[in-house]
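The figures that follow rest on heavy atoms only: side chains count, while hydrogens, waters and symmetry mates do not.
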Amino acid sequence: MKQYNRIMLGEHGMYLDDCREHNYIGANLLKDVDMNDTPFNEEEVWRQQMIFKYLELHPDKSVQTARTCVGFLWTVCFGLKVGDVVLASNGNGGYQVGEITGDYYFQPGEELPHRRSVRWKDVVISRKAMSQRLQNSTGSIGTCCNITKYAEELDSLIHGTVPPAVTQQGQPIQVEQYRERSLHKLLANYLQKRNILSKTIFHETSNRADQAQKWVHPDMVGVAFNEFQESATRSLLKAAETKEYLDLFSYELKRSIDSDHQLKEYFFQALSNSNWANYGYLVAFQISEDVMEEMERLNRAFGIGVIKLSPYPDDTIVLFPARKKELDYYTIDKLCRINPDFKGFVTKTAKVITAQTDVLEEVMGGLQRYCDKGFASDDEILSYCSECHIPC
């Protein structure tokens, strides 16, 4: 089956002209490593070896960042097959279309040394001509993203046969927008797969006198417990170093981040709402490529992480990991007084910390039941997104 992928050839497509002139696409991760030197017949083994090399060269990066980067590299070098179609952003709201014509080759000393031969078509697809769902998918941050589910629409766009979506009266069809809070269940599902229990904090349940306070409440909170095999180790850790037994997370959710102004407003809202937690994250379903550079600067300066949310956990990306900080118990106390959801979450989390071994499973079950639930299958995700009008 022919695959379709959106790729980035440098920031804002800065290398696209050279790629078109010399008929290739490429990547610059692990620039000095010839991928021909590492057997790629077993994808997982290859990925582990590349993750190790990436972390050797970038010891300041997280394992999650390494996995994401290596995943992109695999797709460009070996995942794409001859005959697959790529859409390369030109940095001006359009996508140049190309077809893969050759296997991986290494071009040392070049800006994009990991290459595939491509035959570029005389076609540029305007982002505005795409459906809203396809726009959302192509707007994913990263070197490469799979958009094969939109193959029919893409084929029509490539061949210029897409009719405008209109009603019988000739008016453009208005796509019903999803609510921001509809994203909570998607985030809870993603976090659950990573052993983080999460809970929505309903701002409307806060004490009336405190509801008007700006940027106080997180949208969601989460907790992850460090896992140890032996109960004796867990008991010692809880008694001696409670702060090492768990991590608390704060999440600020937004539908989209489209401009520098929005980014700064949402970022500092997340910063304010998360000053009590070990880790603070800004989460958005749609993120413009234009804000990436400023987002990275803010992450370095203030330590708030950024997550690009997808309906599917494996497609959700931690763009920038959060920096860990100490818990602020004064703010935790304030939030417990203000909001019953937050107080309930903290109370049940504390019970897990203090529970004896013989009742730990039961107490943990109580916390799990209190927290938000995920999905049992991809079919459930599709049904939920359809019901809530979330593009998937």
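Aromatic ring orientation, Trp74 versus Phe78: tilted (interplanar angle from 30° to 60°). Using cut-offs of 30° and 60° for the angle between ring planes, the Phe342 and Trp276 rings count as perpendicular.
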Give the C-alpha distance, both sets of side-chain angles, the deciding distance and a yes or no for side chain to side chain contact (heavy atoms under 4.5 Å, CB included) between Leu327 and Asn278. CA-CA 6 Å; Leu327 295 177; Asn278 293 124; 3.4 Å; yes
Residues Ile25, Leu80; criterion side chain to side chain contact (heavy atoms under 4.5 Å, CB included); working and verdict: CA-CA 11 Å; Ile25 60 168; Leu80 296 173; 3.9 Å; yes
Between Ile317 and Phe72, does the side chain to side chain contact (heavy atoms under 4.5 Å, CB included) criterion hold? Intermediate values first, please. CA-CA 12 Å; Ile317 303 172; Phe72 291 146; 4.2 Å; yes
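Across Arg116, Arg115, His114, a single residue satisfies side chain to side chain donor-acceptor pair (under 3.5 Å) together with Tyr104, and that is His114.
Between Glu294 and Arg297 there is a salt bridge, since a side-chain N of the basic residue sits under 4.0 Å from a carboxylate O of the acidic one. Salt bridge absent: Lys31 and Glu110 never bring a charged side-chain N and a carboxylate O closer than 4.0 Å.
Judged by distance alone, with hydrogens and angles left aside, the side-chain atoms of His58 form no donor-acceptor pair with the main-chain N or O of Tyr54 at under 3.5 Å. For the pair Thr101 (side chain) and Ser117 (backbone), a donor-acceptor distance under 3.5 Å is present. Between the Arg255 side chain and the Tyr178 main chain, a donor and an acceptor come within less than 3.5 Å of each other. Between the side chain of Lys325 and the backbone N or O of Ala277 there is at least one donor-acceptor pair closer than 3.5 Å. Put simply, the side chain of Lys185 never gets that close to the backbone of Leu183: no donor and acceptor are under 3.5 Å apart. Proximity of a side-chain donor or acceptor of Glu153 to a complementary backbone N or O of Met130 within less than 3.5 Å is not detected. Under a 3.5 Å cut-off, the side chain of Thr316 and the backbone N or O of Ser310 do form a donor-acceptor pair. In this structure a side-chain-to-backbone donor-acceptor pair under 3.5 Å is present from Asp84 to Lys81. For the pair Arg323 (side chain) and Gly280 (backbone), a donor-acceptor distance under 3.5 Å is absent. With Tyr150 contributing its side chain and Gln135 its backbone, the two residues share no donor-acceptor pair below 3.5 Å.
In this structure, CG on Asn23 lies 12.0 Å from CD on Glu99, to the nearest 0.5 angstrom. To the nearest 0.5 angstrom, Tyr251 atom OH is 10.5 Å from Tyr279 atom OH. Note that the NE2 atom of His184 and the CG atom of Asp219 stand 4.5 Å from one another [nearest 0.5 Å]. In this structure, Asn275 CG and Ile332 CD1 are separated by 9.5 Å, a value rounded to the nearest 0.5 Å. Distance check: Arg67 CZ to Gln48 CD gives 7.0 Å after rounding to the nearest 0.5 Å. For the atom pair OG1 (Thr68) and NZ (Lys308), the distance works out to 13.0 Å, reported to the nearest 0.5 Å.
Between Ser89 and Met8 the shortest heavy-atom distance is CB-SD, 3.6 Å. Nearest approach of Ala224 to Phe249, heavy atoms of both residues: CB-CE1, 3.8 Å. Taking every heavy atom of both residues into account, Asp260 and Val291 meet most closely at N-CG1, 3.9 Å. Nearest heavy atoms, His217 versus Asn339: CD2-ND2, 4.0 Å. Closest approach of Phe285 and Leu309 over heavy atoms only: CD1-O, 3.4 Å. For Ile287 against Met295, the heavy-atom pair with the smallest separation is CG2-CE, 3.6 Å.
Residue Arg179 qualifies as open at atom CZ: its count of foreign heavy atoms under 6.0 Å is 12 or below. Heavy atoms from other residues, nucleotides or ligands lying under 6.0 Å from CZ of Arg119 number 12 at most. Residue Glu293 places its CD atom among 12 or fewer non-hydrogen atoms of other residues, nucleotides or ligands, all under 6.0 Å distant. Heavy atoms from other residues, nucleotides or ligands lying under 6.0 Å from CG of Asp32 number 12 at most. At most 12 non-hydrogen atoms from other residues, nucleotides or ligands lie less than 6.0 angstrom from CD of Glu362. Within a 6.0 Å sphere centred on CZ of Arg47, heavy atoms belonging to other residues, nucleotides or ligands number more than 12. Within a 6.0 Å sphere centred on NZ of Lys61, heavy atoms belonging to other residues, nucleotides or ligands number 12 at most. Within a 6.0 Å sphere centred on CG of Asp60, other residues, nucleotides and ligands contribute more than 12 heavy atoms.
Using a 4.5 Å cut-off on side-chain heavy atoms (C-beta onward), Met364 and Leu197 make contact. Val352 has its side chain out of reach of Leu246: every pair of non-hydrogen atoms, C-beta onward, lies at least 4.5 Å apart. Phe225 has its side chain within reach of Thr349: a pair of non-hydrogen atoms, C-beta onward, lies under 4.5 Å apart. Contact of the Leu253 side chain with the Met220 side chain is registered, since non-hydrogen atoms from C-beta on lie closer than 4.5 Å.
Between the side chains of Asp155 and His159, no donor N or O sits under 3.5 Å from an acceptor N or O. Using modelled atom types, one finds no donor on one side chain facing an acceptor on the other under 3.5 Å when comparing Asn273 with Ser250. For the residue pair Thr148 and Asn146, a side-chain donor N or O sits within less than 3.5 Å of a side-chain acceptor on the partner.
Cation-pi geometry between Arg6 and Tyr95 is not satisfied (NZ or CZ under 6.0 Å from the ring centre, within 45° of the ring normal). Both the sub-6.0 Å distance and the 45° axial angle are satisfied by Lys254 relative to the ring of Tyr266.
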